[in-house]
Amino acid sequence: MKVLGHRLQLLTGLLLHDVTMAGLQELRFPEEKPLLRGQDATEMDNPDAFLSIVDTDWKEHDIETPYGLLHVVIRGSPKGNRPAILTYHDVGLNHKLCFNTFFNFEDMQEITKHFVVCHVDAPGQQVGASQFPQGYQFPSMEQLAAMLPSVVQHFGFKYVIGIGVGAGAYVLAKFALIFPDLVEGLVLMNIDPNGKGWIDWAATKLSGLTSTLPDTVLSHLFSQEELVNNTELVQSYRQQISNVVNQANLQLFWNMYNSRRDLDINRPGTVPNAKTLRCPVMLVVGDNAPAEEGVVECNSKLDPTTTTFLKMADSGGLPQVTQPGKLTEAFKYFLQGMGYIAHLKDRRLSGGAVPSASMTRLARSRTASLTSASSVDGSRPQPCAHSDSSEGMGQVNHTMEVSC
């Protein structure tokens with residue numbers, strides 16, 4: 001299907017500015033309708049609505065790793081030293097259910113056409129996956145992270161920009177801790193860095209006895225308000241989780257996620273030899289999401305000079321589905337802050353198209369001035385330092401907390 005890429009004009013009057021991530025402090029995004037682009041509520045009952053892909057040039061691979069096969073879908077080929085975009089979905093979903101709405105969004109496609117895009121499905125979670133045999137040991141969260149270097153090596157990526165949601169965000173964060181040289185940046189949505197305590201474990205077990213697996217997973221994905229309101233979105237995901245994802249395989253992934261350990265990170269300087277994520281990180285959560293507390297906790301444990309905390313207004317547990325426009329805009333500035341930015345076609349400008357064939361590397365000085373270089377595929381760009389000028393002296397920012 002190619003119709004989704006040509007629908008839904010964004011609200012006029014908001015100009016795109018080539019600024020660094022610091023510009024997010026002044027940014028206000030227009031609200032997006034919480035439906036798939038170009039669809040009404042009745043269309044969302046159609047399973048193909050979630051599973052369709054705009055392009056036909058995606059290629060599927062089953063990659064051998066030390067802990068079993070990984071199903072991977074990829075579009076494009078490596079371009080010089082430019083990183084690949086690698087995604088990892090949340091528990092209960094797969095790459096299609098989790099990311100299709102976001103990556104099919106027209107402005108997002110203007111960005112991703114400059115990158116290789118690689119979607120990773122957790123073992124046994126892809127559409128049409130065979131059920132694991134009796135006694136199969138599902139990989140631990142650490143082992144899921146240790147499977148990803150095989151993907152990077154298989155396709156010849158030099159490094160990746162990871163986009164993860166929930167359980168996938170945890171896996172990508174663990175991957176970046178173990179293999180920091182392979183990760184250029186991370187967008188982590190709904191991440192919970194904490195393992196479950198005994199009380200949480202008991203509550204999960206009790207919930208499993210009184211609820212079906214899809215309903216238990218839905219309480220992880222959506223807030224109580226969203227579940228009570230019984231929206232078309234929740235109903236559609238209930239149907240997809242029940243019918244698209246193999247239930248026995250999902251149970252194994254769900255059990256492993258709930259037995260995860262604390263993510264071993266601490267803000268630099270708070271404890272001796274503190275471990276932290278060394279790459280730029282954008283933390284994302286909806287203001288009505290069940291994961292809000294966990295994301296706030298993660299924010300408190302990361303380096304404030306390289307972390308942006310983005311709380312999305314009018315968004316629940318799946319901001320990449322309900323607010324793809326806001327997230328696309330934020331992702332653009334995140335790339336820009338690392339030294340990559342696409343000159344996108346902006347349909348909101350009366351002058352028409354803006355050149356979209358090149359990428360520009362930006363560097364931010366200590367006095368908040370901007371310089372740019374034209375090369376893209378040279379040496380690996382270093383993350384830009386986010387700083388404000390104060391009487392001519394650069395001051396390192398604390399973590400930016402942005403509501404939009």
Side-chain angles (χ1 to χ4, degrees), residues 50-55 57-63 65 70-78 82-105 107-109 111-127 129 141 144-145 147-152 154-155 157 159-176 179 182-191 221 244-245 253 257 277 279-285 291 310 317-321 323-324 327-328 330-332 334-335 338 340:
F50 282 93
L51 301 181
S52 62
I53 296 180
V54 168
D55 302 281
D57 55 350
W58 293 89
K59 295 180 174 57
E60 298 188 50
H61 300 262
D62 289 315
I63 298 175
T65 79
L70 266 186
H71 180 262
V72 174
V73 179
I74 187 171
R75 181 181 63 186
S77 57
R82 201 175 303 172
I85 295 174
L86 184 145
T87 74
Y88 212 113
H89 59 86
D90 202 353
V91 66
L93 308 177
N94 49 49
H95 81 270
K96 293 184 177 181
L97 296 176
C98 193
F99 291 112
N100 262 16
T101 302
F102 180 42
F103 279 85
N104 287 350
F105 193 76
D107 285 355
M108 185 62 178
Q109 292 185 60
I111 296 173
T112 58
K113 69 183 181 182
H114 298 285
F115 297 88
V116 181
V117 178
C118 179
H119 294 304
V120 177
D121 286 317
Q125 310 304 303
Q126 70 270 24
V127 176
M141 301 303 286
L144 291 176
M147 299 170 83
L148 294 179
S150 298
V151 177
V152 174
H154 180 88
F155 294 111
F157 302 151
Y159 30 83
V160 303
I161 295 172
I163 304 178
V165 182
Y170 182 99
V171 171
L172 289 181
K174 180 67 72 172
F175 171 54
F179 306 98
L182 296 180
V183 182
E184 174 81 356
L186 288 173
V187 177
L188 303 177
M189 290 178 266
N190 299 337
I191 187 171
L221 298 174
V244 173
V245 184
F253 188 17
Y257 177 65
L277 297 174
C279 62
V281 178
M282 181 167 71
L283 299 174
V284 181
V285 69
L310 184 64
L318 295 178
Q320 77 278 16
V321 174
Q323 300 287 2
L327 188 58
T328 297
F331 184 58
K332 174 195 171 185
F334 180 69
L335 291 175
M338 291 192 298
Y340 299 100

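For the single chain, residues carry numbers from 1 onward in sequence order.
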CA sep, side-chain torsions, deciding dist, call: N94, H89, side chain to side chain donor-acceptor pair (under 3.5 Å): CA-CA 6 Å; N94 49 49; H89 59 86; over 6 Å; no

Stepwise side chain to side chain contact (heavy atoms under 4.5 Å, CB included) test for L86 and L172: CA-CA 9 Å; L86 184 145; L172 289 181; 3.7 Å; yes

Audit row: F102, T87, side chain to side chain contact (heavy atoms under 4.5 Å, CB included) steps and yes/no: CA-CA 11 Å; F102 180 42; T87 74; over 6 Å; no

Intermediate values then yes/no, side chain to side chain contact (heavy atoms under 4.5 Å, CB included), L310 and F334: CA-CA 11 Å; L310 184 64; F334 180 69; over 6 Å; no

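Atoms CG and CG, on L318 and L93 in that order, are 6.5 Å from each other to the nearest 0.5 Å. Here OG1 of T101 is found 13.0 Å from NZ of K96. Values are rounded to the nearest 0.5 Å. Note that CD of E60 and CD1 of I74 are 12.5 Å apart. Values are rounded to the nearest 0.5 Å. Rounded to the nearest 0.5 angstrom, T328 OG1 and F105 CZ are separated by 5.5 Å. Taken to the nearest 0.5 Å, the CD atom of E184 stands 14.0 Å off from the CZ atom of F157. To the nearest 0.5 angstrom, C279 atom SG is 4.0 Å from L186 atom CG.
Contact between G317 and N190 at its shortest, heavy atoms only, is O-ND2, 2.7 Å. The nearest pair of heavy atoms linking I161 to P83 is CD1-CG, 3.7 Å. Of all the heavy atoms in V321 and C98, the pair that sits closest is CG2-O, 4.3 Å.
At a threshold of 4.5 Å between non-hydrogen side-chain atoms, the residues V183 and L277 do not count as touching. Side-chain contact between M147 and V120 is absent, with no heavy atoms from C-beta onward closer than 4.5 Å. Considering only heavy atoms from C-beta on, F331 comes within 4.5 Å of I111 through its side chain. The shortest side-chain heavy-atom distance between C118 and V151 falls under the 4.5 Å cut-off. Looking at P319 and M189, their side chains come closer than 4.5 Å, going by heavy atoms from C-beta outward. Looking at L148 and F179, their side chains never come closer than 4.5 Å, going by heavy atoms from C-beta outward.
Ring-plane geometry between W58 and H119 is classed as parallel, the angle between the planes falling under 30 degrees on a 0 to 90 degree scale with a further cut at 60. Using a 30° and 60° split on the angle between ring planes, F103 and F99 fall in the perpendicular class, above 60°.
Ring pair Y340/H114: centre-to-centre distance not below 6.0 Å.
With sequence neighbours left out, A167 forms a side chain to side chain contact (heavy atoms under 4.5 Å, CB included) with D90, V91, M141, F253, Y257.
The only member of L144, V165, I163 that meets side-chain contact (heavy atoms from CB on, under 4.5 Å) when paired with Y88 is L144.
With Q125 contributing its side chain and P123 its backbone, the two residues share a donor-acceptor pair below 3.5 Å.
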